[in-house]
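In this text the structure is predicted, and so the values were computed from the model without any measurement.
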Amino acid sequence: MKKEDKKRIKAVIGKYIRDPHVQQMKEYIQHGNVTTYSHVISVVKMSFYLNKRLGLGADEEVLFTAALLHDFYLYDWHDKPLTDLHGYRHPYRAAENAKKIFDVNDKVYGAILTHMWPFTLFKLPKTKEAWIVCMADKLSSMAETLWLRK
């Protein structure tokens, strides 16, 4: 990734990554031995790459913010019982946390809420940014699960 690309990303997510709530994501494992924080940073980078490479012209403010906060649920999902249905419920928790803590706009909220499609069958992404975050999350998660395990 070019230096100017990194600057564009940091210009959007810099205010969030300094926040203690976002830093808290470093305490939780997401996939394999990858923290939730590292995972969301990977999704931001993958979202940038997909948007640029495919010439999608997504709103980068919405895209990078949603990518960073898509798993902003702030707990260790490994400690939850199977009946908690983390896969189905965490998008709601992440979206609500993003709204409560950062007052994100509706497009960011919607992208966070729908990032688990098709797992959450009826929560279909509706915007370009939401589709990109959804796909970037799947690609990053697959890499973390298959190649970055303990």
Side-chain angles (χ1 to χ4, degrees), residues 1-74 76-78 86-88 90-99 101-150:
M1 183 177 289
K2 295 178 184 173
K3 193 174 185 178
E4 56 269 14
D5 295 338
K6 289 179 182 180
K7 283 184 178 181
R8 281 172 47 198
I9 292 170
K10 191 167 184 174
V12 174
I13 68 170
K15 62 186 173 191
Y16 299 105
I17 60 175
R18 290 185 294 273
D19 186 274
H21 295 95
V22 173
Q23 290 294 309
Q24 185 180 340
M25 291 193 290
K26 291 179 178 179
E27 299 172 19
Y28 310 121
I29 296 297
Q30 182 75 357
H31 307 113
N33 63 350
V34 177
T35 66
T36 303
Y37 181 86
S38 293
H39 168 70
V40 299
I41 295 297
S42 294
V43 174
V44 170
K45 291 175 182 176
M46 180 62 72
S47 294
F48 173 84
Y49 175 79
L50 291 173
N51 187 45
K52 183 176 181 179
R53 184 83 169 125
L54 300 174
L56 298 173
D59 179 328
E60 290 184 343
E61 180 86 24
V62 171
L63 182 62
F64 302 156
T65 303
L68 182 72
L69 300 177
H70 80 277
D71 280 338
F72 191 53
Y73 47 82
L74 303 177
D76 184 347
W77 67 270
H78 300 90
H86 168 79
Y88 292 101
H90 84 269
Y92 296 96
R93 292 176 178 139
E96 287 302 316
N97 284 343
K99 188 71 161 172
I101 294 168
F102 298 115
D103 194 31
V104 296
N105 66 35
D106 290 343
K107 284 183 90 174
V108 171
Y109 185 90
I112 295 169
L113 198 60
T114 61
H115 82 272
M116 284 300 289
W117 184 86
F119 194 61
T120 52
L121 189 60
F122 300 108
K123 291 293 179 193
L124 187 72
K126 292 182 171 68
T127 65
K128 188 183 327 186
E129 295 81 10
W131 278 108
I132 296 168
V133 170
C134 183
M135 294 302 109
D137 181 49
K138 303 304 175 277
L139 292 168
S140 296
S141 296
M142 183 175 62
E144 292 163 7
T145 301
L146 295 176
W147 296 296
L148 297 175
R149 297 206 59 83
K150 287 182 183 175

Between [X] (side chain only) and [Y] (backbone N and O only), is there a donor and an acceptor less than 3.5 Å apart?
X: K126; Y: G110; answer: no
X: R18; Y: G14; answer: yes
X: E129; Y: D59; answer: yes
X: K138; Y: W117; answer: yes

Working for side chain to side chain contact (heavy atoms under 4.5 Å, CB included), residues R93 and I112: CA-CA 10 Å; R93 292 176 178 139; I112 295 169; over 6 Å; no
Quick check: closest heavy atoms across [X] and [Y], and the distance to 0.1 Å?
X: Y109; Y: V104; value: N-CG2, 4.1 Å
X: C134; Y: T114; value: SG-O, 4.3 Å
X: L113; Y: Y92; value: CD1-CD2, 3.4 Å
X: K128; Y: G57; value: NZ-O, 3.7 Å
X: A66; Y: V133; value: CB-CG2, 4.0 Å

Working to the nearest 0.5 Å, report the span between [atom1] of [X] and [atom2] of [Y].
X: I132; Y: M46; atom1: CD1; atom2: CE; answer: 12.5 Å
X: K2; Y: K52; atom1: NZ; atom2: NZ; answer: 4.5 Å
X: H21; Y: I101; atom1: NE2; atom2: CD1; answer: 4.0 Å
X: I13; Y: F64; atom1: CD1; atom2: CZ; answer: 8.5 Å
X: S38; Y: N33; atom1: OG; atom2: CG; answer: 9.0 Å

Should [X] and [Y] count as side-chain neighbours, where that means a heavy-atom distance under 4.5 Å?
X: W131; Y: L56; answer: no
X: S42; Y: E144; answer: yes
X: V43; Y: L68; answer: no
X: F48; Y: L63; answer: no
X: N105; Y: T65; answer: no
X: M25; Y: Q30; answer: no
X: L74; Y: H90; answer: no
X: H39; Y: D71; answer: yes

So does E61 pair up with K15, basic N to acidic O under 4.0 Å?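 Between K15 and E61 there is a salt bridge, with a charged N closer than 4.0 Å to a carboxylate O.
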For the pair F102 and Y16, name the ring-plane relationship: parallel under 30°, tilted 30 to 60°, perpendicular over 60°.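 Perpendicular.
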Side chain to side chain contact (heavy atoms under 4.5 Å, CB included), that's the test. Do E60 and N51 meet it? Break it down for me. CA-CA 9 Å; E60 290 184 343; N51 187 45; 4.2 Å; yes
Decide yes or no on side chain to side chain contact (heavy atoms under 4.5 Å, CB included) for L139 and L50, but give the supporting numbers first. CA-CA 11 Å; L139 292 168; L50 291 173; 4.2 Å; yes
Candidate pair H70 and D137, rule side chain to side chain contact (heavy atoms under 4.5 Å, CB included), full reasoning: CA-CA 9 Å; H70 80 277; D137 181 49; 3.1 Å; yes
Centroid-to-centroid, Y73 to Y28, below 6.0 Å?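 So the answer is no for these two rings.
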